[in-house]
Amino acid sequence: MDSMLIGSFPRPSSLGIGGRERTDRFQKVFTPRCVSIPISASVGSHLAIKFSRCGGACNILERQSDIRSQQHLLEHSTRSFEERTKFYKRRDKTCLVNAASGYPLESEPEACKPKSIWDSLKNSLDAFYRFSRPHTVIGTALSIISVSLLAVERLSDISPLFFNGVVEALVAALLMNIYIVGLNQLSDIDIDKVNKPYLPLASGEYSVVTGVMIVTSFSILSFWLGWIVGSWPLFWALFISFLLGTAYSIDLPLMRWKRFAVVAAMCILVVRAVIVQLAFFLHIQTHVYKRPAVLSRPLIFATAFMSFFSVVIALFKDIPDIDGDKMYGIRSFSVHLGQKRVFWICISLLEMAYGVALLVGLASCCLWSRVITVLGHAILATTLWRRAKSIDLSSKAAITSFYMFIWKLFYAEYLLIPLVR
């Protein structure tokens, strides 16, 4: 390149002395003093190859190279800033949407993260747990075990055959129990939105189709198990419970008996006090042990005591639900008589039942049975009275809590019933 630039001018020998001087001056002005070779187009830098006459022009080129580099860095920083700005705008928009829809304010990757299988399973189990009304499931299980033990006459009766018979009755009865409480929720979706909005059908976690599928499948399974077991007391217990539970809840002509306070209480009394005590005792006595049907003293006591208790549960369950019952025309005793009056009727009935239990315990000919039943019922009666005196009847939460306490007394009684001799 150097020879090409110099060779383009006339040679000195052809110009003479004057020409040589003019040529020297011409070369001083126009001869390039440095040559720039591009090294990297991406950063816009150049390598300056300096010749002996490099001076101000080369410095100018270097400054131009620095300016171009700075411009490139500035453009790169601007693009990065714009990209970060767009990201934060998207994230803020996502957070605003989440906040408006009630979801937690999470970063964009976390918000888009799908729920784990474990979380979905846990939510499904929790919804079914609430749908099954666990306090009724526990009550049914304890009552069947307790009444089955009344058929045990000697220690050798507690055998694998006994446990097999108890499990058969338990599974079939719990399946029917879930059918009954599930059907009641299907019939009371609007009422439960006021009284019990946490239930899956009322909250929308379960659709009506899901509820129908559950109650239908559980009733079929219950009848199927009762049939293949071959125990007539068990099958008739399931069948009568099915009829009364359906008539109690379903909104059809001549049905939905829960609208009528006395009829509703009788449905609960027949199932909880009579069917459970007699049918499951006879299931163990006649089907498992192959013994003749007899009505023992403990069985009569259990039926009488649980008649009181079933009436109390039937009355008390409507006390916290008075608002929804009034709104949808359910004429319960609480709507007719008022919460306070029904509350003290329930307490009085239970205290009367505990008084009878004390007399039955004192009349026992077995010392250990007398001590345990008298002491146990005295403790329960005292606890009930103290708790009742301290309740705030103007608080729905307090009344609901007391209703759950009534169920705990129900469980405790079934722990004492097998000890009555």
Side-chain angles (χ1 to χ4, degrees), residues 135 138-159 161-163 165-166 169-170 269 272-285 288-289 291-313 316 344-391 401-421:
H135 61 280
I138 295 171
T140 300
L142 281 176
S143 62
I144 291 172
I145 295 172
S146 178
V147 171
S148 297
L149 287 171
L150 293 178
V152 175
E153 297 177 356
R154 59 186 72 90
L155 193 60
S156 59
D157 286 342
I158 302 178
S159 62
L161 185 66
F162 169 78
F163 286 111
V166 171
L170 267 177
L269 185 148
R272 287 285 176 188
V274 180
I275 298 300
V276 169
Q277 319 308 317
L278 297 180
F280 291 102
F281 172 83
L282 293 175
H283 166 69
I284 299 296
Q285 180 78 1
V288 176
Y289 290 147
R291 296 170 183 165
V294 293
L295 298 180
S296 62
R297 179 172 173 269
L299 178 64
I300 295 172
F301 166 77
T303 304
F305 190 95
M306 283 305 162
S307 296
F308 279 90
F309 228 121
S310 298
V311 171
V312 169
I313 289 176
F316 206 104
W344 286 109
I345 289 174
C346 292
I347 300 302
S348 301
L349 288 174
L350 279 182
E351 294 292 353
M352 289 173 56
Y354 284 129
V356 172
L358 288 172
L359 295 177
V360 172
L362 288 172
S364 176
C365 58
C366 182
L367 180 60
W368 62 266
S369 174
R370 186 185 313 160
V371 171
I372 294 175
T373 54
V374 170
L375 185 60
H377 287 108
I379 292 173
L380 294 178
T382 304
T383 304
L384 171 65
W385 184 255
R386 288 181 176 178
R387 182 80 181 264
K389 295 291 286 184
S390 63
I391 188 174
S401 176
F402 197 93
Y403 177 59
M404 290 297 105
F405 172 70
I406 295 292
W407 275 96
K408 291 175 183 177
L409 295 177
F410 183 83
Y411 305 154
E413 187 59 35
Y414 272 117
L415 296 177
L416 291 173
I417 281 176
L419 304 177
V420 175
R421 296 296 172 183

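Put simply, CG on L350 and CZ on F309 are 5.0 Å apart, with the number rounded to the nearest 0.5 Å. Taken to the nearest 0.5 Å, the CG atom of L409 stands 6.0 Å off from the CG atom of L380. If you take CD1 on I144 and CG on L149, they are separated by 12.0 Å, rounding to the nearest 0.5 Å. Taking CG of L278 as the reference point, atom CG of L295 lies at 6.5 Å (rounded to 0.5 Å). A distance of 11.5 Å separates CG of L415 from CD1 of I372, quoted to the nearest 0.5 Å. Taking CZ of F162 as the reference point, atom OG of S156 lies at 12.0 Å (rounded to 0.5 Å).
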Problem - Stepwise side-chain contact (heavy atoms from CB on, under 4.5 Å) check, I145 with F280 - result: CA-CA 9 Å; I145 295 172; F280 291 102; over 6 Å; no
Practice task
Evaluate the side-chain contact (heavy atoms from CB on, under 4.5 Å) criterion for residues V147 and I417: first the C-alpha distance (whole Å), next the side-chain angles of each, then the deciding distance (0.1 Å), finally the verdict.
Solution key: CA-CA 8 Å; V147 171; I417 281 176; 5.7 Å; no
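In this structure T383 satisfies the side chain to side chain contact (heavy atoms under 4.5 Å, CB included) test together with I379, F405, sequence neighbours excluded. In this structure A293 satisfies the side chain to side chain contact (heavy atoms under 4.5 Å, CB included) test together with L282, T286, sequence neighbours excluded. Listed by chain and residue number, nothing satisfies the side-chain hydrogen bond (donor to acceptor under 3.5 Å, both in side chains) test with R297 (two or more places apart in sequence, or in another chain). Partners of F301 under the ring-ring contact (aromatic ring centres under 6.0 Å, His included) rule, at least two apart in sequence or in another chain, are F305. Residues passing the side-chain hydrogen bond (donor to acceptor under 3.5 Å, both in side chains) test with S296, sequence neighbours excluded: none. Every side-chain hydrogen bond (donor to acceptor under 3.5 Å, both in side chains) that T140 has, sequence neighbours left out, goes to N177, R272. With sequence neighbours left out, the side chain to side chain contact (heavy atoms under 4.5 Å, CB included) criterion links F163 to I158. For V311, the side chain to side chain contact (heavy atoms under 4.5 Å, CB included) partners two or more places apart in sequence, or in a different chain, are L269, L315, L349.
Listed by first then second residue, pairs satisfying side chain to side chain donor-acceptor pair (under 3.5 Å) with a partner in residues 402-421 read Q277-Y414, H377-E413, Y403-W407, not counting sequence neighbours. Residue pairs satisfying the salt bridge (Lys or Arg N to Asp or Glu O under 4.0 Å) criterion with at least one member in residues 139-155, sequence neighbours excluded, are listed as follows: E153-R291, R154-D157. Screening residues 346-360 for side chain to side chain donor-acceptor pair (under 3.5 Å) gives no qualifying pairs among residues at least two apart or on separate chains.
Contact detail for F281 and V294: the closest heavy-atom pair is CE2-O, 3.1 Å. Nearest approach of V288 to L161, heavy atoms of both residues: O-CD2, 3.5 Å. Here the shortest heavy-atom pairing between T303 and A273 reads CG2-O, 3.7 Å. Between P418 and L150, the shortest heavy-atom distance links the atoms CA-CD2, 3.9 Å. Contact between T373 and G361 at its shortest, heavy atoms only, is OG1-CA, 3.3 Å. Minimum heavy-atom separation, G376 to L416: C-CD1, 4.0 Å.
Around CH2 of W344, the count of heavy atoms belonging to other residues, nucleotides or ligands within 6.0 Å exceeds 12. Heavy-atom contacts from other residues, nucleotides or ligands closer than 6.0 Å to CG of L155 number 12 or fewer.
The backbone N or O of L419 sits less than 3.5 Å from a side-chain atom of S369, completing a donor-acceptor pair.
Between L384 and I406 the shortest side-chain heavy-atom distance falls below 4.5 Å.
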